[in-house]
2 protein chains.
Amino acid sequence: MLANQGSTAKIVRPTTLRESVLERILELIIIGSLKPGQHLVENELADNLGVSRQPVREALQLLSGEGWVDLRPGHGAYVHSPTVEEADQLLAVRTLLETESARLAARNPDKTDISDLRDICNRGLAACVADDVDAAVAANSELHTAVVNMSGNRVLADLTSQVARRVRWYHTPVARHRGRASWEEHAALIDAIEAGDEDVAADIMRRHTEHTRQSYLESRAQHPVEEPPAPIRRRRPRAVSG
Amino acid sequence: MLANQGSTAKIVRPTTLRESVLERILELIIIGSLKPGQHLVENELADNLGVSRQPVREALQLLSGEGWVDLRPGHGAYVHSPTVEEADQLLAVRTLLETESARLAARNPDKTDISDLRDICNRGLAACVADDVDAAVAANSELHTAVVNMSGNRVLADLTSQVARRVRWYHTPVARHRGRASWEEHAALIDAIEAGDEDVAADIMRRHTEHTRQSYLESRAQHPVEEPPAPIRRRRPRAVSG
DNA sequence: TTGTCGTCGACTGCCTACAGCATACATTCC
DNA sequence: GGAATGTATGCTGTAGGCAGTCGACGACAA
(Lines give C-alpha, C1' and ligand atoms only; values in the text may rest on other atoms or scores of the structure.)
Protein backbone atom coordinates (compact mmCIF):
# COMPACT_ATOMS: atom_id res chain seq x y z
CA MET A 1 0.00 0.00 0.00
CA LEU A 2 2.52 2.53 1.09
CA ALA A 3 5.17 0.91 -1.00
CA ASN A 4 6.98 2.95 -3.58
CA GLN A 5 8.84 -0.15 -4.54
CA GLY A 6 7.70 -2.09 -7.52
CA SER A 7 6.87 1.00 -9.47
CA THR A 8 7.68 0.84 -13.13
CA ALA A 9 10.37 3.49 -13.15
CA LYS A 10 13.73 2.15 -12.16
CA ILE A 11 14.01 4.46 -9.18
CA VAL A 12 17.48 4.22 -7.81
CA ARG A 13 17.19 2.29 -4.63
CA PRO A 14 19.31 4.42 -2.32
CA THR A 15 19.79 1.58 0.10
CA THR A 16 18.86 -1.99 0.61
CA LEU A 17 15.27 -2.93 1.05
CA ARG A 18 15.79 -4.23 4.55
CA GLU A 19 17.16 -0.87 5.62
CA SER A 20 14.25 1.12 4.31
CA VAL A 21 11.95 -1.43 5.90
CA LEU A 22 13.86 -0.99 9.15
CA GLU A 23 13.49 2.77 9.02
CA ARG A 24 9.81 2.49 8.28
CA ILE A 25 9.10 0.05 11.09
CA LEU A 26 11.16 2.11 13.50
CA GLU A 27 9.17 5.17 12.59
CA LEU A 28 5.93 3.30 13.15
CA ILE A 29 7.16 2.28 16.58
CA ILE A 30 8.30 5.75 17.55
CA ILE A 31 5.15 7.51 16.46
CA GLY A 32 3.16 4.83 18.19
CA SER A 33 1.38 3.18 15.30
CA LEU A 34 2.93 -0.03 16.48
CA LYS A 35 2.21 -0.18 20.18
CA PRO A 36 4.42 -1.60 22.90
CA GLY A 37 3.90 -5.29 23.35
CA GLN A 38 2.26 -5.64 19.99
CA HIS A 39 3.00 -8.77 18.05
CA LEU A 40 4.66 -7.92 14.77
CA VAL A 41 3.31 -10.42 12.30
CA GLU A 42 5.77 -10.69 9.48
CA ASN A 43 3.21 -11.22 6.76
CA GLU A 44 1.21 -8.19 7.75
CA LEU A 45 4.25 -5.95 7.75
CA ALA A 46 5.42 -7.42 4.49
CA ASP A 47 2.07 -6.81 2.85
CA ASN A 48 1.76 -3.31 4.23
CA LEU A 49 5.24 -2.39 3.10
CA GLY A 50 4.90 -4.14 -0.21
CA VAL A 51 7.85 -6.45 0.20
CA SER A 52 8.41 -10.08 0.96
CA ARG A 53 8.85 -11.50 4.44
CA GLN A 54 12.61 -11.81 4.14
CA PRO A 55 13.63 -8.15 4.39
CA VAL A 56 11.05 -7.73 7.12
CA ARG A 57 12.59 -10.55 9.12
CA GLU A 58 16.05 -9.11 8.72
CA ALA A 59 14.92 -5.66 9.70
CA LEU A 60 13.39 -7.13 12.82
CA GLN A 61 16.63 -8.89 13.69
CA LEU A 62 18.48 -5.62 13.40
CA LEU A 63 15.87 -3.78 15.43
CA SER A 64 16.15 -6.34 18.18
CA GLY A 65 19.83 -5.54 18.41
CA GLU A 66 18.97 -1.96 19.22
CA GLY A 67 16.38 -2.88 21.79
CA TRP A 68 13.33 -1.79 19.85
CA VAL A 69 11.75 -5.18 19.51
CA ASP A 70 12.02 -8.40 21.44
CA LEU A 71 12.48 -11.66 19.59
CA ARG A 72 10.84 -14.69 21.07
CA PRO A 73 12.10 -17.72 19.16
CA GLY A 74 9.20 -19.62 17.79
CA HIS A 75 6.83 -16.78 18.53
CA GLY A 76 8.11 -13.86 16.52
CA ALA A 77 8.88 -10.25 17.20
CA TYR A 78 7.14 -7.97 19.65
CA VAL A 79 7.48 -4.24 20.08
CA HIS A 80 9.55 -3.73 23.17
CA SER A 81 7.46 -2.76 26.14
CA PRO A 82 9.05 0.08 28.03
CA THR A 83 8.28 -0.11 31.71
CA VAL A 84 8.67 2.89 33.95
CA GLU A 85 11.45 1.11 35.77
CA GLU A 86 13.36 0.45 32.60
CA ALA A 87 12.91 4.01 31.42
CA ASP A 88 14.32 5.21 34.70
CA GLN A 89 17.30 2.91 34.42
CA LEU A 90 17.84 3.95 30.85
CA LEU A 91 17.86 7.58 31.84
CA ALA A 92 20.30 6.81 34.63
CA VAL A 93 22.65 5.14 32.19
CA ARG A 94 22.34 8.04 29.83
CA THR A 95 23.30 10.40 32.61
CA LEU A 96 26.35 8.31 33.26
CA LEU A 97 27.43 8.16 29.64
CA GLU A 98 26.79 11.77 28.78
CA THR A 99 28.43 13.05 31.92
CA GLU A 100 31.58 11.26 30.93
CA SER A 101 31.23 12.58 27.39
CA ALA A 102 31.04 16.12 28.67
CA ARG A 103 34.13 15.55 30.78
CA LEU A 104 36.09 14.22 27.85
CA ALA A 105 34.85 16.95 25.57
CA ALA A 106 36.11 19.54 28.01
CA ARG A 107 39.45 17.78 28.22
CA ASN A 108 40.49 18.97 24.81
CA PRO A 109 38.02 21.47 23.42
CA ASP A 110 38.14 22.38 19.75
CA LYS A 111 37.43 25.87 18.44
CA THR A 112 35.35 24.68 15.50
CA ASP A 113 33.31 22.29 17.58
CA ILE A 114 32.61 24.94 20.17
CA SER A 115 31.39 27.23 17.45
CA ASP A 116 29.10 24.51 16.16
CA LEU A 117 27.74 23.95 19.63
CA ARG A 118 26.88 27.60 19.99
CA ASP A 119 25.10 27.60 16.67
CA ILE A 120 22.98 24.66 17.66
CA CYS A 121 22.30 26.18 21.03
CA ASN A 122 21.12 29.41 19.49
CA ARG A 123 18.87 27.58 17.09
CA GLY A 124 17.43 25.56 19.94
CA LEU A 125 16.76 28.59 22.04
CA ALA A 126 15.12 30.34 19.13
CA ALA A 127 12.93 27.33 18.46
CA CYS A 128 12.05 27.23 22.11
CA VAL A 129 11.07 30.88 22.14
CA ALA A 130 9.06 30.37 18.97
CA ASP A 131 7.38 27.46 20.70
CA ASP A 132 8.46 25.16 17.88
CA VAL A 133 8.64 21.94 19.85
CA ASP A 134 9.82 19.73 17.03
CA ALA A 135 12.70 22.00 16.14
CA ALA A 136 13.66 22.34 19.78
CA VAL A 137 13.69 18.61 20.27
CA ALA A 138 15.75 18.17 17.13
CA ALA A 139 18.27 20.79 18.21
CA ASN A 140 18.46 19.22 21.62
CA SER A 141 19.42 15.81 20.35
CA GLU A 142 21.73 17.42 17.84
CA LEU A 143 23.55 19.22 20.58
CA HIS A 144 23.90 16.17 22.76
CA THR A 145 25.15 14.20 19.80
CA ALA A 146 27.72 16.85 19.07
CA VAL A 147 29.01 16.82 22.63
CA VAL A 148 29.29 13.06 22.65
CA ASN A 149 31.21 13.14 19.41
CA MET A 150 33.57 15.69 20.88
CA SER A 151 34.52 13.15 23.52
CA GLY A 152 36.68 11.46 20.94
CA ASN A 153 35.60 8.07 22.19
CA ARG A 154 33.72 6.37 19.40
CA VAL A 155 32.59 3.44 21.51
CA LEU A 156 31.15 5.82 24.01
CA ALA A 157 29.50 7.78 21.23
CA ASP A 158 27.91 4.73 19.68
CA LEU A 159 26.63 3.44 22.97
CA THR A 160 25.26 6.81 23.92
CA SER A 161 23.45 7.36 20.67
CA GLN A 162 21.91 3.94 20.99
CA VAL A 163 20.71 4.68 24.50
CA ALA A 164 19.66 8.19 23.61
CA ARG A 165 17.48 7.05 20.76
CA ARG A 166 15.55 4.85 23.11
CA VAL A 167 15.41 7.58 25.71
CA ARG A 168 13.95 9.89 23.16
CA TRP A 169 11.19 7.39 22.64
CA TYR A 170 10.02 7.67 26.21
CA HIS A 171 10.99 11.25 26.39
CA THR A 172 9.05 12.77 23.54
CA PRO A 173 5.73 13.21 25.33
CA VAL A 174 7.34 15.21 28.08
CA ALA A 175 9.72 17.17 25.92
CA ARG A 176 7.71 20.32 26.32
CA HIS A 177 7.96 20.24 30.05
CA ARG A 178 11.40 21.71 30.11
CA GLY A 179 11.91 24.68 27.88
CA ARG A 180 14.05 27.69 28.42
CA ALA A 181 15.88 26.44 31.47
CA SER A 182 17.20 23.53 29.51
CA TRP A 183 18.87 25.81 27.00
CA GLU A 184 20.41 27.93 29.66
CA GLU A 185 22.01 24.81 31.03
CA HIS A 186 23.23 24.00 27.58
CA ALA A 187 24.85 27.38 27.27
CA ALA A 188 26.59 26.96 30.59
CA LEU A 189 27.79 23.55 29.50
CA ILE A 190 29.33 24.95 26.36
CA ASP A 191 31.09 27.62 28.38
CA ALA A 192 32.58 24.99 30.64
CA ILE A 193 33.72 22.88 27.72
CA GLU A 194 35.31 25.88 26.06
CA ALA A 195 37.07 26.75 29.31
CA GLY A 196 38.33 23.20 29.49
CA ASP A 197 36.89 22.75 32.93
CA GLU A 198 36.21 19.03 33.08
CA ASP A 199 34.58 18.90 36.47
CA VAL A 200 32.24 21.77 35.84
CA ALA A 201 31.23 20.44 32.45
CA ALA A 202 30.59 17.00 33.88
CA ASP A 203 28.62 18.43 36.74
CA ILE A 204 26.44 20.54 34.53
CA MET A 205 25.73 17.64 32.26
CA ARG A 206 24.92 15.39 35.16
CA ARG A 207 22.49 17.83 36.67
CA HIS A 208 21.04 18.57 33.27
CA THR A 209 20.27 14.95 32.45
CA GLU A 210 19.10 14.27 35.98
CA HIS A 211 16.71 17.11 35.55
CA THR A 212 15.32 15.47 32.48
CA ARG A 213 15.00 12.22 34.35
CA GLN A 214 13.10 13.84 37.17
CA SER A 215 10.71 15.61 34.90
CA TYR A 216 10.15 12.38 33.07
CA LEU A 217 9.30 10.52 36.23
CA GLU A 218 6.98 13.24 37.42
CA SER A 219 5.22 13.38 34.10
CA ARG A 220 4.95 9.62 34.17
CA ALA A 221 3.40 9.73 37.60
CA GLN A 222 0.73 12.06 36.30
CA HIS A 223 0.08 10.16 33.11
CA PRO A 224 0.31 6.57 34.27
CA VAL A 225 1.33 3.91 31.83
CA GLU A 226 -1.24 3.10 29.24
CA GLU A 227 -0.48 -0.45 28.36
CA PRO A 228 1.19 -3.46 29.72
CA PRO A 229 -1.50 -5.49 27.94
CA ALA A 230 -1.41 -7.48 24.76
CA PRO A 231 1.02 -10.06 26.02
CA ILE A 232 0.27 -12.60 23.37
CA ARG A 233 -2.69 -11.73 21.22
CA ARG A 234 -2.69 -14.11 18.35
CA ARG A 235 -5.30 -15.10 15.90
CA ARG A 236 -7.93 -12.53 15.23
CA PRO A 237 -11.58 -13.37 15.94
CA ARG A 238 -11.57 -15.58 12.91
CA ALA A 239 -14.20 -15.47 10.27
CA VAL A 240 -17.07 -17.80 9.62
CA SER A 241 -14.81 -20.79 9.49
CA GLY A 242 -16.61 -22.72 6.84
CA MET B 1 29.44 -31.58 7.87
CA LEU B 2 28.91 -31.07 11.56
CA ALA B 3 25.22 -30.74 11.03
CA ASN B 4 22.80 -32.55 13.25
CA GLN B 5 20.09 -31.02 11.21
CA GLY B 6 18.30 -33.10 8.66
CA SER B 7 18.87 -36.29 10.58
CA THR B 8 15.98 -38.68 10.52
CA ALA B 9 15.34 -38.75 14.25
CA LYS B 10 13.22 -35.90 15.39
CA ILE B 11 15.80 -34.65 17.86
CA VAL B 12 14.28 -31.98 20.00
CA ARG B 13 15.79 -28.81 18.77
CA PRO B 14 16.62 -27.03 22.03
CA THR B 15 16.81 -23.74 20.27
CA THR B 16 16.46 -22.24 16.87
CA LEU B 17 18.97 -22.99 14.23
CA ARG B 18 20.00 -19.37 13.86
CA GLU B 19 20.90 -19.25 17.52
CA SER B 20 23.13 -22.27 17.43
CA VAL B 21 24.66 -20.89 14.26
CA LEU B 22 25.21 -17.60 16.05
CA GLU B 23 26.94 -19.31 18.95
CA ARG B 24 29.12 -21.31 16.62
CA ILE B 25 30.19 -18.32 14.56
CA LEU B 26 30.82 -16.27 17.68
CA GLU B 27 33.02 -19.03 19.04
CA LEU B 28 34.95 -19.15 15.79
CA ILE B 29 35.50 -15.42 16.03
CA ILE B 30 36.60 -15.51 19.64
CA ILE B 31 39.03 -18.36 19.25
CA GLY B 32 40.36 -16.69 16.15
CA SER B 33 39.42 -19.17 13.45
CA LEU B 34 37.63 -16.32 11.79
CA LYS B 35 40.11 -13.51 11.71
CA PRO B 36 39.41 -9.80 12.09
CA GLY B 37 38.56 -8.20 8.78
CA GLN B 38 37.77 -11.52 7.21
CA HIS B 39 34.90 -11.60 4.77
CA LEU B 40 32.24 -13.99 5.99
CA VAL B 41 30.87 -15.60 2.89
CA GLU B 42 27.41 -16.85 3.67
CA ASN B 43 27.61 -19.92 1.49
CA GLU B 44 30.85 -21.07 3.02
CA LEU B 45 29.53 -20.72 6.55
CA ALA B 46 26.30 -22.40 5.56
CA ASP B 47 28.13 -25.34 4.05
CA ASN B 48 30.52 -25.69 6.95
CA LEU B 49 27.72 -25.58 9.47
CA GLY B 50 25.46 -27.78 7.41
CA VAL B 51 22.60 -25.34 7.17
CA SER B 52 21.15 -23.08 4.55
CA ARG B 53 22.10 -19.47 4.04
CA GLN B 54 19.05 -18.13 5.78
CA PRO B 55 19.90 -18.90 9.40
CA VAL B 56 23.45 -17.81 8.70
CA ARG B 57 22.27 -14.45 7.42
CA GLU B 58 20.07 -13.95 10.44
CA ALA B 59 22.83 -14.92 12.82
CA LEU B 60 25.09 -12.38 11.13
CA GLN B 61 22.48 -9.67 11.53
CA LEU B 62 22.26 -10.41 15.22
CA LEU B 63 26.03 -10.50 15.58
CA SER B 64 26.29 -7.11 13.95
CA GLY B 65 24.05 -5.75 16.65
CA GLU B 66 26.55 -6.82 19.26
CA GLY B 67 29.49 -5.39 17.41
CA TRP B 68 31.13 -8.65 16.41
CA VAL B 69 30.70 -8.24 12.70
CA ASP B 70 30.27 -5.31 10.39
CA LEU B 71 27.62 -5.39 7.71
CA ARG B 72 28.40 -3.65 4.45
CA PRO B 73 25.21 -3.54 2.42
CA GLY B 74 25.79 -5.17 -0.90
CA HIS B 75 29.10 -6.58 0.24
CA GLY B 76 28.25 -8.84 3.12
CA ALA B 77 29.52 -9.36 6.62
CA TYR B 78 33.07 -8.91 7.87
CA VAL B 79 34.55 -9.87 11.19
CA HIS B 80 34.92 -6.68 13.14
CA SER B 81 38.48 -5.45 13.17
CA PRO B 82 39.50 -4.41 16.65
CA THR B 83 42.01 -1.61 16.57
CA VAL B 84 44.12 -0.75 19.55
CA GLU B 85 42.37 2.57 19.79
CA GLU B 86 38.98 0.96 19.90
CA ALA B 87 40.09 -1.54 22.49
CA ASP B 88 41.31 1.30 24.62
CA GLN B 89 38.03 3.14 24.27
CA LEU B 90 36.12 -0.02 25.00
CA LEU B 91 38.10 -0.54 28.17
CA ALA B 92 37.49 3.05 29.16
CA VAL B 93 33.77 2.61 28.75
CA ARG B 94 33.91 -0.59 30.72
CA THR B 95 35.62 1.24 33.53
CA LEU B 96 32.88 3.80 33.50
CA LEU B 97 30.07 1.26 33.53
CA GLU B 98 31.53 -1.07 36.10
CA THR B 99 32.52 1.73 38.42
CA GLU B 100 28.91 2.83 38.50
CA SER B 101 27.84 -0.78 39.01
CA ALA B 102 30.07 -1.10 42.02
CA ARG B 103 28.69 2.12 43.44
CA LEU B 104 25.11 0.96 43.03
CA ALA B 105 25.92 -2.48 44.39
CA ALA B 106 27.33 -0.89 47.53
CA ARG B 107 24.26 1.27 47.85
CA ASN B 108 22.11 -1.60 49.03
CA PRO B 109 24.21 -4.69 49.61
CA ASP B 110 22.53 -8.06 50.02
CA LYS B 111 23.75 -10.75 52.40
CA THR B 112 23.25 -13.59 49.96
CA ASP B 113 24.90 -11.77 47.11
CA ILE B 114 27.89 -10.90 49.24
CA SER B 115 28.27 -14.52 50.17
CA ASP B 116 28.18 -15.48 46.51
CA LEU B 117 30.82 -12.91 45.72
CA ARG B 118 33.12 -14.33 48.35
CA ASP B 119 32.66 -17.83 47.00
CA ILE B 120 33.57 -16.73 43.52
CA CYS B 121 36.51 -14.76 44.83
CA ASN B 122 37.85 -17.74 46.72
CA ARG B 123 37.51 -19.95 43.71
CA GLY B 124 39.28 -17.40 41.57
CA LEU B 125 42.13 -17.03 43.98
CA ALA B 126 42.48 -20.78 44.22
CA ALA B 127 42.54 -21.09 40.46
CA CYS B 128 45.10 -18.34 40.34
CA VAL B 129 47.32 -20.10 42.86
CA ALA B 130 46.93 -23.35 40.98
CA ASP B 131 47.90 -21.49 37.84
CA ASP B 132 44.66 -22.54 36.18
CA VAL B 133 44.31 -19.62 33.83
CA ASP B 134 41.01 -20.67 32.27
CA ALA B 135 39.32 -21.12 35.62
CA ALA B 136 40.69 -17.82 36.85
CA VAL B 137 39.45 -15.97 33.80
CA ALA B 138 36.05 -17.62 34.16
CA ALA B 139 35.82 -16.70 37.83
CA ASN B 140 36.87 -13.19 37.00
CA SER B 141 34.10 -12.57 34.52
CA GLU B 142 31.69 -14.36 36.81
CA LEU B 143 32.52 -12.00 39.62
CA HIS B 144 32.24 -8.91 37.51
CA THR B 145 28.91 -10.12 36.19
CA ALA B 146 27.69 -10.71 39.71
CA VAL B 147 28.63 -7.21 40.79
CA VAL B 148 26.91 -5.68 37.81
CA ASN B 149 23.77 -7.65 38.52
CA MET B 150 23.84 -6.44 42.10
CA SER B 151 23.54 -2.91 40.81
CA GLY B 152 19.87 -3.58 40.23
CA ASN B 153 19.96 -1.67 36.97
CA ARG B 154 19.19 -4.10 34.19
CA VAL B 155 19.96 -1.69 31.41
CA LEU B 156 23.35 -1.07 32.93
CA ALA B 157 23.87 -4.80 33.32
CA ASP B 158 22.98 -5.57 29.74
CA LEU B 159 25.17 -2.84 28.37
CA THR B 160 28.06 -3.88 30.56
CA SER B 161 27.86 -7.53 29.62
CA GLN B 162 27.80 -6.54 25.99
CA VAL B 163 30.88 -4.41 26.39
CA ALA B 164 32.58 -6.93 28.63
CA ARG B 165 32.18 -9.72 26.13
CA ARG B 166 33.98 -7.68 23.54
CA VAL B 167 36.59 -6.63 26.04
CA ARG B 168 37.22 -10.24 26.85
CA TRP B 169 37.94 -10.80 23.20
CA TYR B 170 40.88 -8.43 23.26
CA HIS B 171 41.67 -9.23 26.80
CA THR B 172 42.21 -12.97 26.72
CA PRO B 173 45.83 -12.95 25.57
CA VAL B 174 46.87 -10.75 28.45
CA ALA B 175 44.74 -12.35 31.09
CA ARG B 176 47.75 -14.01 32.66
CA HIS B 177 49.55 -10.76 33.16
CA ARG B 178 47.64 -9.90 36.26
CA GLY B 179 47.27 -12.65 38.82
CA ARG B 180 47.19 -12.47 42.53
CA ALA B 181 46.99 -8.70 42.82
CA SER B 182 43.77 -8.72 40.87
CA TRP B 183 42.10 -11.01 43.36
CA GLU B 184 43.23 -8.97 46.29
CA GLU B 185 41.55 -6.02 44.69
CA HIS B 186 38.44 -8.09 44.26
CA ALA B 187 38.43 -8.97 47.93
CA ALA B 188 38.76 -5.33 48.91
CA LEU B 189 35.92 -4.49 46.56
CA ILE B 190 33.65 -7.02 48.21
CA ASP B 191 34.50 -5.62 51.61
CA ALA B 192 33.58 -2.17 50.49
CA ILE B 193 30.30 -3.35 49.00
CA GLU B 194 29.43 -5.22 52.16
CA ALA B 195 30.22 -2.14 54.21
CA GLY B 196 27.96 -0.16 51.94
CA ASP B 197 30.69 2.32 51.21
CA GLU B 198 29.80 3.57 47.75
CA ASP B 199 32.74 5.81 47.16
CA VAL B 200 35.31 3.26 48.22
CA ALA B 201 33.70 0.52 46.16
CA ALA B 202 33.56 2.74 43.13
CA ASP B 203 37.13 3.83 43.61
CA ILE B 204 38.41 0.30 43.93
CA MET B 205 36.54 -0.79 40.85
CA ARG B 206 37.81 2.16 38.88
CA ARG B 207 41.42 1.52 39.80
CA HIS B 208 40.94 -2.17 39.23
CA THR B 209 39.61 -1.82 35.71
CA GLU B 210 42.10 0.92 34.94
CA HIS B 211 44.80 -1.48 35.96
CA THR B 212 43.52 -4.01 33.50
CA ARG B 213 43.45 -1.34 30.84
CA GLN B 214 47.01 -0.34 31.50
CA SER B 215 48.28 -3.89 31.41
CA TYR B 216 46.40 -4.41 28.20
CA LEU B 217 48.00 -1.42 26.57
CA GLU B 218 51.45 -2.39 27.73
CA SER B 219 51.01 -5.91 26.51
CA ARG B 220 49.73 -4.57 23.24
CA ALA B 221 52.78 -2.41 22.88
CA GLN B 222 55.02 -5.43 23.24
CA HIS B 223 52.99 -7.64 20.94
CA PRO B 224 51.99 -5.23 18.22
CA VAL B 225 48.84 -5.83 16.26
CA GLU B 226 48.98 -8.76 13.89
CA GLU B 227 46.50 -7.85 11.24
CA PRO B 228 44.82 -4.93 9.70
CA PRO B 229 45.01 -6.74 6.36
CA ALA B 230 42.39 -8.56 4.36
CA PRO B 231 40.32 -5.51 3.64
CA ILE B 232 38.38 -6.99 0.80
CA ARG B 233 39.72 -10.31 -0.39
CA ARG B 234 37.14 -11.77 -2.67
CA ARG B 235 37.24 -14.56 -5.13
CA ARG B 236 39.84 -17.19 -4.50
CA PRO B 237 42.64 -17.73 -7.03
CA ARG B 238 40.25 -19.68 -9.20
CA ALA B 239 41.15 -22.97 -10.78
CA VAL B 240 42.54 -23.72 -14.19
CA SER B 241 39.87 -21.71 -15.92
CA GLY B 242 38.64 -23.51 -19.01
C1' DT C 1 -19.78 -26.13 36.13
C1' DT C 2 -14.95 -27.38 35.74
C1' DG C 3 -10.96 -29.88 34.07
C1' DT C 4 -8.80 -32.38 30.27
C1' DC C 5 -8.05 -33.72 25.62
C1' DG C 6 -8.28 -33.35 20.64
C1' DT C 7 -8.56 -30.61 16.59
C1' DC C 8 -7.77 -26.60 13.89
C1' DG C 9 -5.70 -22.55 12.35
C1' DA C 10 -1.99 -19.43 11.91
C1' DC C 11 2.47 -18.12 12.22
C1' DT C 12 7.30 -18.82 12.36
C1' DG C 13 11.61 -21.03 10.82
C1' DC C 14 13.92 -22.80 7.18
C1' DC C 15 15.06 -24.13 2.37
C1' DT C 16 15.47 -23.41 -2.60
C1' DA C 17 15.73 -20.50 -6.45
C1' DC C 18 16.37 -16.35 -9.08
C1' DA C 19 17.89 -11.63 -10.16
C1' DG C 20 20.98 -7.84 -9.58
C1' DC C 21 25.43 -6.18 -8.53
C1' DA C 22 30.23 -5.62 -7.68
C1' DT C 23 34.70 -7.05 -8.57
C1' DA C 24 38.55 -9.10 -11.15
C1' DC C 25 40.37 -10.58 -15.34
C1' DA C 26 40.93 -10.28 -20.34
C1' DT C 27 40.77 -7.82 -24.37
C1' DT C 28 40.99 -3.90 -27.28
C1' DC C 29 42.05 0.72 -28.46
C1' DC C 30 44.95 4.78 -28.19
C1' DG D 1 53.01 0.25 -23.03
C1' DG D 2 49.08 2.11 -20.60
C1' DA D 3 44.27 2.93 -20.05
C1' DA D 4 39.57 2.08 -20.89
C1' DT D 5 36.12 -1.18 -21.75
C1' DG D 6 33.93 -5.81 -22.16
C1' DT D 7 33.13 -10.13 -19.99
C1' DA D 8 32.89 -13.67 -16.60
C1' DT D 9 32.02 -15.09 -11.95
C1' DG D 10 31.01 -15.14 -7.30
C1' DC D 11 28.30 -13.01 -3.94
C1' DT D 12 24.47 -10.73 -1.91
C1' DG D 13 19.50 -9.42 -1.71
C1' DT D 14 14.98 -10.92 -2.31
C1' DA D 15 11.05 -13.87 -3.39
C1' DG D 16 8.22 -17.84 -2.82
C1' DG D 17 7.03 -22.10 -0.68
C1' DC D 18 6.84 -25.92 2.62
C1' DA D 19 6.90 -28.14 7.06
C1' DG D 20 6.97 -27.84 12.03
C1' DT D 21 5.16 -25.81 16.05
C1' DC D 22 2.54 -23.20 19.16
C1' DG D 23 -1.67 -21.42 20.93
C1' DA D 24 -6.69 -21.25 20.99
C1' DC D 25 -11.02 -23.02 20.75
C1' DG D 26 -14.44 -26.57 21.26
C1' DA D 27 -16.01 -31.11 22.77
C1' DC D 28 -16.28 -34.47 26.10
C1' DA D 29 -16.18 -36.40 30.71
C1' DA D 30 -16.26 -35.94 35.73
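Owing to the predicted nature of the structure, the values given are computational and were not obtained by experimental measurement. Numbers restart at 1 for each chain; the letters A, B, ... are given by sequence-line order, proteins then strands.
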Regarding the side chain of B/Val41, the nearest nucleotide among C/dC11, C/dG13, D/dT12 is D/dT12
Of the candidates D/dT14, C/dC15, D/dA15, the side chain of A/Ser52 sits closest to D/dA15
May I ask you to verify if any side-chain N or O of B/His75 is less than 4.0 angstrom from the OP1 or OP2 atom of C/dA22? no
Any side-chain N or O of A/Arg57 under 4.0 Å from OP1/OP2 of C/dG13? yes
Side-chain ion pair, B/Arg154 and B/Asp158, N-O less than 4.0 Å: yes
May I have the distance from [X] (atom [atom1]) to [N] (atom [atom2]), rounded to whole angstrom?
| X | N | atom1 | atom2 | result |
| --- | --- | --- | --- | --- |
| B/Asn43 | D/dG10 | CG | P | 11 Å |
| A/Arg72 | D/dT21 | CZ | P | 18 Å |
| B/Gln54 | D/dG17 | CD | C1' | 13 Å |
| A/Leu17 | C/dC18 | CG | P | 20 Å |
| A/Glu42 | D/dT21 | CD | C1' | 14 Å |
| A/Gln61 | D/dT14 | CD | P | 14 Å |
| A/Arg53 | C/dC15 | CZ | P | 13 Å |
| A/Leu71 | D/dC22 | CG | P | 17 Å |

Pick base, sugar-phosphate or nothing for B/Leu40, based on heavy-atom distances below 4.0 Å to the nucleic acid. sugar-phosphate
So, does A/Ser115 use its side chain to make a donor-acceptor pair with the main chain of A/Lys111 at under 3.5 Å? no
Can you tell me if B/His39 uses its side chain to pair, donor with acceptor, with the backbone of B/His75 under 3.5 Å? yes
Residues passing the side chain to side chain donor-acceptor pair (under 3.5 Å) test with A/Gln61, sequence neighbours excluded, are B/Glu58
